[in-house]
Asks: 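Dumping the structure here so I can ask a few things about it.
When reading the values below, keep in mind they use all heavy atoms of this one structure, side chains included, and skip hydrogens, waters and symmetry mates.
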Amino acid sequence: MQRIGFDNDKYLTMQSEHIRERMAQFGGKLYMEFGGKLFDDYHASRVLPGFLPDSKLRMLLKLKDQAEIVIAVSASAIDQNKRRGDIGITYDQEVLRLIDNFRSVGLYVGSVVVTQYDGQASADAFINRLKNLGVTAYKHYIIPGYPANIPLIVSEEGYGKNDYIPTQRSLVIVTAPGPGSGKMATCLSQLYHEHKRGIKAGYAKFETFPIWNIPLKHPVNLAYEAATADLNDVNMIDPFHMEAYGKVAINYNRDVEIYPVLRAIFEKIYGSCPYASPTDMGVNMAGNCIVDDAVVCRASCEEIIRRYYSARCEETKGTEKASEIAKLENLMNQGGLTVRDYPVAVAATKTEAETGEPAAAIELPDGKLVIGKNKSLLGAASAVLLNALKVLADIPDEIDLLSSEVIRPVQDLKVQYLGSQNPRLHTDEVLVALSVSAASDENAKRAMDCLPLLGGCSAHCSVILSPVDEETFQKLNINITCEPRYQNNNLYHNA
C-alpha cells in the first residue's frame with residue numbers, strides 16, 4: 001500500500017475552522033481567493049500523499065449556502081490556448097467544465113471575469129460564447145505599471161476602469177482554471193468598487209502552496225516552483241512578515257509584490273490594513289497536517305523530476321521555452337536530484353538499453369516495478385499496462401490476458417480499414433479488448449477490476465508516447481513521463 005504523509009481529515013477540520021474565523025473578522029462581505037484547483041488538485045495529492053484531490057471542494061460545500069463562485073480567466077491564456085497540464089484541456093474549456101462541476105454539486109456560480117483584457121479577439125469570442133450559454137461575463141483590464149504603480153492602480157483609471165462584478169452572497173470565492181489568472185487582482189478590484197458603493201468587504205487567501213511554515217527549500221515548496229516554472233514564480237522569505245514579527249514565513253514573489261497594493265486599498269477602506277504581511281492574508285493549514293515528512297519529501301522530489309521530463313518532452317515537440325527548462329534544472333540542483341532518482345525512469349531506460357526496443361515501467365502502490373517492452377502485437381505502454389494489471393490481480397506471468405486471436409482482428413481493422421501505419425495496439429484499444437474479454441474470461445475480469453489501483457502510480461516510457469497513449473494514462477490518473485525523444489526519426493509524429 002502507498003505510504004501516507006498527510007492527514008487529510010485533520011486538514012479539513014483545521015482549514016474550515018480558520019476560514020470561519022477569517023469570515024468573522026470582517027463584518028460584511030469576504031472575498032476569498034482560492035488558489036490551486038478545487039475539484040481535482042492532483043498536484044497537491046501527488047506531493048502530499050494522503051491529500052484528496054477534492055479536499056477543498058469538500059470544505060467549501062459546508063459553506064455553500066453563504067458562498068458564490070466567480071471564475072477568473074486570463075485573456076492572454078485564452079489567446080495562447082493555454083492548457084491544464086494534468087488533464088490537457090484549454091483554460092476556456094476548463095472554465096465551462098468548472099461551471100458544470102460547481103453546479104452539479106449545488107454551488108452557485110455568479111459570473112466569469114476575463115482578466116488582463118486588452119481587446120483580444122479570442123477573449124471577445126469567449127465572452128460572446130458565455131453570453132450565449134447564459135453565463136454573465138465581465139472584463140478586467142491591463143493596468144500599466146502593475147503592480148508597482150499604486151497611485152494608478154488604486155484610482156478610477158486603474159481598478160476603477162474594471163467592470164464591477166455584482167455579487168449576492170457574503171462569501172465570494174474567486175477561483176480559476178490555473179495559476180496566473182488574476183484571482184487576487186479580481187478580489188482587490190472588487191474591494192475598490194465595494195468601497196465606492198459603501199459596502200464593507202474584506203479579503204483572504206486560501207492557497208495551498210507554497211506552504212508558509214516549512215523551510216524555503218523544502219521539497220514541497222521546490223515542487224511548487226517546478227509546477228509554476230512557466231510563470232517564473234519564486235518562493236521567498238516574506239520580508240514584511242519578518243519585519244512585523246521577527247519570524248520566518250514562506251511566500252512567493254507575486255504575493256509579496258502585490259501586498260503594498262492590498263495594504264493601500266485596505267487603508268482607503270478601513271484607515272489601516274488588518275494584515276501586517278502577505279502571509280497574514282492566508283489561512284493555509286497544510287503544513288500542520290504533514291505526518292510523515294520523509295514520504296512527503298520523496299513524493300515532492302519525484303514531482304520535480306516529472307515536471308522536468310514534461311518540459312524536456314515539450315522542448316522536443318517544439319513548444320517549451322528554454323528558460324523554463326533552465327529553471328527546472330536549477331530546482332533539481334537545489335534538491336540534489338537527477339533523473340537517476342526516479343526509479344521508473346531508471347527501469348525503463350535500462351530495459352531499452354538491454355533489448356534495443358522501447359520500454360516502459362510502472363511503480364505499483366507497494367513499490368514493485370513492472371516492466372513492459374515493445375512486442376509485435378503491443379507497444380511498450382500497452383504491454384506495461386497489461387503486466388501491471390496481471391501483478392495486481394495476482395495472475396501468473398505466463399498467462400496472456402489477451403490472446404493473439406483477440407488482438408489480430410483489431411490490428412487488421414486498424415491497418416486494413418482505418419489506415420493506421422502502426423499495427424500495435426494502443427492502450428485504449430487494449431482496454432477495450434480487455435473489457436470485451438472480461439465478459440467471458442475470469443482473468444480479464446479480475447484484471448479490469450484492478451484498474452482503479454493504478455491511480456496515483458508513476459510510469460515512464462523510454463520514448464515519447466503517442467497522444468492517445470498519453471491521454472489514456474492521464475485518464476487512469478497514472479503519473480506518466482517519457483524520455484524526450486521519439487521512437488523514430490520521422491518529422492511528423494501522431495500515432
Side-chain angles (χ1 to χ4, degrees), residues 33-48 51-57 69-104 109 112-116 120 122-123 126 129-130 135 173-183 186 206-209 223-233 254 303-304 306-315 317 319-321 324 328 455-456 458-459 464-465 467-482:
E33 175 191 350
F34 262 59
K37 299 174 177 68
L38 276 170
F39 281 91
D40 36 21
D41 194 343
Y42 291 113
H43 175 81
S45 65
R46 287 193 297 267
V47 302
L48 300 171
F51 183 100
L52 298 180
D54 65 347
S55 290
K56 287 180 272 189
L57 175 65
I69 311 292
V70 173
I71 302 175
V73 59
S74 164
S76 60
I78 296 171
D79 202 47
Q80 296 165 13
N81 285 318
K82 187 172 182 180
R83 294 178 178 270
R84 273 188 55 164
D86 50 358
I87 59 177
I89 66 174
T90 59
Y91 273 29
D92 53 346
Q93 292 175 316
E94 174 67 350
V95 170
L96 302 180
R97 191 182 76 97
L98 285 174
I99 293 173
D100 285 340
N101 286 344
F102 286 134
R103 289 174 173 173
S104 71
V109 180
V112 172
V113 56
V114 176
T115 64
Q116 303 171 37
Q120 295 94 333
S122 56
F126 182 60
R129 184 181 182 189
L130 289 172
V135 178
I173 305 297
V174 180
T175 188
S181 297
K183 299 183 297 291
T186 296
F206 182 20
E207 190 93 60
T208 311
F209 305 107
Y224 168 74
E225 283 200 51
T228 56
D230 59 330
L231 301 174
N232 201 30
D233 282 350
R254 283 189 283 142
E303 177 69 5
I304 294 169
R306 281 194 290 267
R307 298 281 182 175
Y308 170 73
Y309 267 120
S310 177
R312 287 294 310 277
C313 286
E314 290 304 309
E315 179 186 43
K317 297 173 185 177
T319 59
E320 184 71 19
K321 297 179 181 177
E324 295 173 18
L328 289 163
S458 295
I464 292 175
L465 290 176
V468 66
D469 283 334
E470 185 174 359
E471 184 178 355
T472 301
F473 276 104
Q474 289 175 345
K475 288 179 177 178
L476 293 172
N477 193 25
I478 297 172
N479 303 316
I480 182 67
T481 51
C482 305

Asks: Can you list everything that forms a side chain to side chain contact (heavy atoms under 4.5 Å, CB included) with Q93? Sequence neighbours excluded, please.
Replies: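 Q93 satisfies side chain to side chain contact (heavy atoms under 4.5 Å, CB included) with I89, T90 only.
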
Asks: Regarding E33 and R254, does a basic nitrogen lie under 4.0 Å from an acidic carboxylate oxygen?
Replies: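 Salt bridge flag = no for R254 with E33.
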
Asks: Any non-hydrogen side-chain atom of F102 less than 4.5 Å from a side-chain atom of T175?
Replies: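 When only atoms from C-beta onward are counted, T175 and F102 do touch, with a gap below 4.5 Å.
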
Asks: Quick one: pull up CZ in R103 and CG in L98 and give me the separation to the nearest 0.5 Å.
Replies: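 If I round to the nearest 0.5 Å, the distance is 11.5 Å.
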
Asks: So, do V73 and T115 sit near enough that their side-chain heavy atoms are less than 4.5 Å apart?
Replies: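 They are not in side-chain contact.
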
Asks: Do you know the tightest heavy-atom contact between P177 and V95?
Replies: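 Looks like CG-CG2, 3.7 Å.
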
Asks: N479 and G456: which non-hydrogen atoms are nearest, and at how many Å?
Replies: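 Closest approach of N479 to G456: ND2-O, 3.3 Å.
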
Asks: Do the side-chain N and O atoms of Y42 and R46 include a donor-acceptor pair separated by under 3.5 angstrom?
Replies: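 Not at all, the side chains of Y42 and R46 share no donor-acceptor pair under 3.5 Å.
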
Asks: Quick one: are Q120 and I78 in side-chain contact, heavy atoms under 4.5 Å?
Replies: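 The answer is no; the side chains never approach within 4.5 Å.
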
Asks: Search all heavy atoms of H43 against all heavy atoms of A223 and return the closest pair with its distance.
Replies: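 Closest approach of H43 to A223, heavy atoms only: CE1-O, 3.5 Å.
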
Asks: Under the ring pair (Phe, Tyr, Trp, His ring centres under 6.0 Å) rule, collect the residues that match up with F206, sequence neighbours excluded.
Replies: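 Checked F206 against ring pair (Phe, Tyr, Trp, His ring centres under 6.0 Å); matches are F34.
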
Asks: What closest approach, in Å, do L231 and G180 show between heavy atoms, and which atom pair accounts for it?
Replies: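 The pair with the smallest heavy-atom distance is CD1-N, 3.9 Å.
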
Asks: Measuring only between side-chain heavy atoms, which start at C-beta, is F126 closer than 4.5 Å to L130?
Replies: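 Sidechains of L130 and F126: in contact.
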
Asks: Tell me, do D40 and R97 make a side-chain contact under 4.5 Å, heavy atoms counted?
Replies: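 D40 vs R97: side chains touch.
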
Asks: Who pairs with F51 by ring pair (Phe, Tyr, Trp, His ring centres under 6.0 Å), at least two apart in sequence or on another chain?
Replies: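 Applying ring pair (Phe, Tyr, Trp, His ring centres under 6.0 Å) to F51 gives F6, Y11.
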
Asks: For the atom pair CD1 (I480) and CZ (F473), what is the distance rounded to the nearest 0.5 Å?
Replies: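 Here the rounded value is 4.5 Å.
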
Asks: Determine yes or no for a side-chain-to-main-chain donor-acceptor pair under 3.5 angstrom, with D54 supplying the side chain and L57 the backbone.
Replies: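 Absent.
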
Asks: Check whether any side-chain N or O of S181 sits under 3.5 Å from a backbone N or O of K183 as a donor-acceptor pair, and report yes or no.
Replies: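 Looks like no, no N/O pair under 3.5 Å.
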
Asks: Determine the minimum heavy-atom distance between S458 and R306, stating which atoms define it.
Replies: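 That closest heavy-atom pairing would be OG-NH1, 3.0 Å.
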
Asks: So, the side chain of K56 versus the backbone of G35: is there a donor-acceptor pair under 3.5 Å, distance only?
Replies: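 Between the backbone of G35 and the side chain of K56 there is a qualifying donor-acceptor contact (under 3.5 Å).
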
Asks: Below 4.0 angstrom, N of the basic side chain to O of the carboxylate: do D92 and R129 qualify?
Replies: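 No.
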
Asks: Output the distance between atom CG (N101) and atom CG (L96), rounded to the nearest 0.5 Å.
Replies: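 Between atom CG of N101 and atom CG of L96 there are 11.0 Å.
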
